[in-house]
Amino acid sequence: MTRPIQAAIHLSALQHNYRLLKARAPRSQAFAVIKANAYGHGLVRTAKALAKADGFALLEIEQAQVLRELGFKLPILLLEGVFEPEELTICAEQDFRIAVHNEQQLAWLDEATLVRPLRVCLKLNTGMNRLGFVAERAPELVDRLSANRNVRSITLMSHFATADEPEKGIDWQLARFRAATAGLDLPVTLANSAALFDYPETQGEWVRPGIMLYGSSPFAERSACNLGLLPAMSLTSRLIGTQQIEAGAVVGYGANFRAEKPMRLGIVACGYADGYPRHAPTGTPVWVEGCRTRLIGRVSMDMLAVDLADIPAAQVGSPVELWGKNLSIDEVAAAAGTISYELMCAIAPRVPMVAE
Ligand SMILES: *Cc1c(COP(=O)(O)O)cnc(C)c1O
């Protein structure tokens, strides 16, 4: 028997989540964000599942080329634009849309000789202070791009830092965006998953949902289930050992879990080398043989221990879900002090991934 760990990708869940977002943003087109190997779900399988999307957004031009070679004709946006001027030639040939966020990219666009002009998203920094031009430069930059023979259309783009935090919200950035772009009659793309849900006024011509497609909640305080999302990934394994330990016995590296009373443990074939977070503490939820239980002790490279005190039916071979349909990835992420994005992206290459 092969090692029992596996990540299953639920294609119908991806499709359900895409339909849900379209219902939430009925007047917008959507770039399904499939960067980082589709948040760990696999670029090609995710793109195929979402073939009816209005467009895709990702980072690497090589990945965009893979999609074109497979016959995807829909709009593809490179979220960080090009990293060297030669890539503009490919963008023109393959009809990739590009973000333009710095002076160097503007200069490359001025100097290029292309087979046809490009659709560009002018990325404005409205306060996140990561990528983008100072928002107030929008009129000047739009003039410059409009005069550029290599530019076919301009969409105004910005990104929100706190759309997932109700107290902070997006007004501080949206107000600045609106003031800076007043009078420019151009399409806009602003909303990530959180903004799309909570601030319909940000939806504009194009939305850019990522995490919600994968069935995870963008909000710390609201569950994916409550938002109507279905999990697109289940990470499952099996018990490969059990231990009966005495009161006072310790478990795992560091010996920092000590049993208060005699108890039974299960050992799961899943460790941090599979992408399970090593910092998940004792108490992190795990689903074993149909029951919810807890992680015990430190996560090892290839294994972790779970409490079987209340699951007498569990034995070697019993099914385990680390996250998925029975246990939300958001709960596991919260227990481990991180977010679902990081867990999805961290699934290790050694974990077999299957679509279903
Ligand atoms: C990753 C990303 C998104 C998607 O964000 P989610 O929170 O996953 O919805 C949208 N826009 C940009 C520019 C991004 O980098």
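Numbering of residues begins at 1 and proceeds along the displayed sequence. For ligands, and for the atoms within them, numbers begin at 1 and follow the listed sequence. The figures here come from the full heavy-atom set of this structure, side chains too, leaving out hydrogens, waters and symmetry mates.
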>> With no hydrogens and no angle check, just 3.5 Å: does a side-chain donor-acceptor pair link Ser216 and Asp330?
In response: yes
> atom 9 (O) of ligand 1: which protein heavy atom is closest, and how many Å away?
Replying inline: Ser193 OG, 2.5 Å
>> For a side-chain contact (heavy atoms from CB on, under 4.5 Å) check, start with the C-alpha distance between Leu88 and Trp108, then their side-chain angles and the critical distance, and finish with the verdict.
In response: CA-CA 8 Å; Leu88 288 172; Trp108 292 339; 3.8 Å; yes
>> In this structure, does ligand 1 have an atom that sits under 4.0 Å from one of the heavy atoms of Tyr39?
In response: yes
> Do Phe56 and Phe31 have their ring centres less than 6.0 Å from each other?
Replying inline: no
> With only distance considered, is Lys123 within less than 3.5 Å of ligand 1 through an N or O on each side?
Replying inline: no
>> Connecting only ILVMFWY residues whose side-chain heavy atoms lie within less than 4.5 Å of each other, what is the rest of Ile240's hydrophobic cluster?
In response: Ile267, Met303
>> Which residue and atom name correspond to the protein heavy atom nearest atom 12 (C) of ligand 1, and how close is it?
In response: His159 CE1, 3.4 Å
> Is Gly210 close to ligand 1, meaning an N/O of one under 3.5 Å from an N/O of the other?
Replying inline: yes
>> With heavy-atom distances below 4.0 Å as the criterion, list the atoms of ligand 1 near Ile211.
In response: 6 (P), 8 (O), 9 (O)
> Are Phe133 and His101 near enough that their ring centres are under 6.0 Å apart?
Replying inline: no
> Residues sharing Phe257's hydrophobic cluster, by side-chain heavy-atom contacts under 4.5 Å among ILVMFWY, directly or via others?
Replying inline: Ile245, Val251, Met263, Leu265, Ile296
> Mind checking whether Phe219 and Phe197 have parallel, tilted or perpendicular rings, split at 30° and 60°?
Replying inline: perpendicular
>> I need the contact type for Arg208 against ligand 1. Using non-hydrogen atoms and a strict under-4.0 Å cut-off, is it side chain, backbone, both or neither?
In response: both
> Backbone or side chain, does any N or O of Arg130 fall under 3.5 Å from an N or O of ligand 1?
Replying inline: no
>> Quick test: of every protein heavy atom, which one is nearest to atom 15 (O) of ligand 1, and how far off is it to 0.1 Å?
In response: Lys35 NZ, 2.6 Å
> Counting each atom of ligand 1 from 1 as listed, which ones have a heavy atom of Tyr341 under 4.0 Å away?
Replying inline: 6 (P), 7 (O), 8 (O)
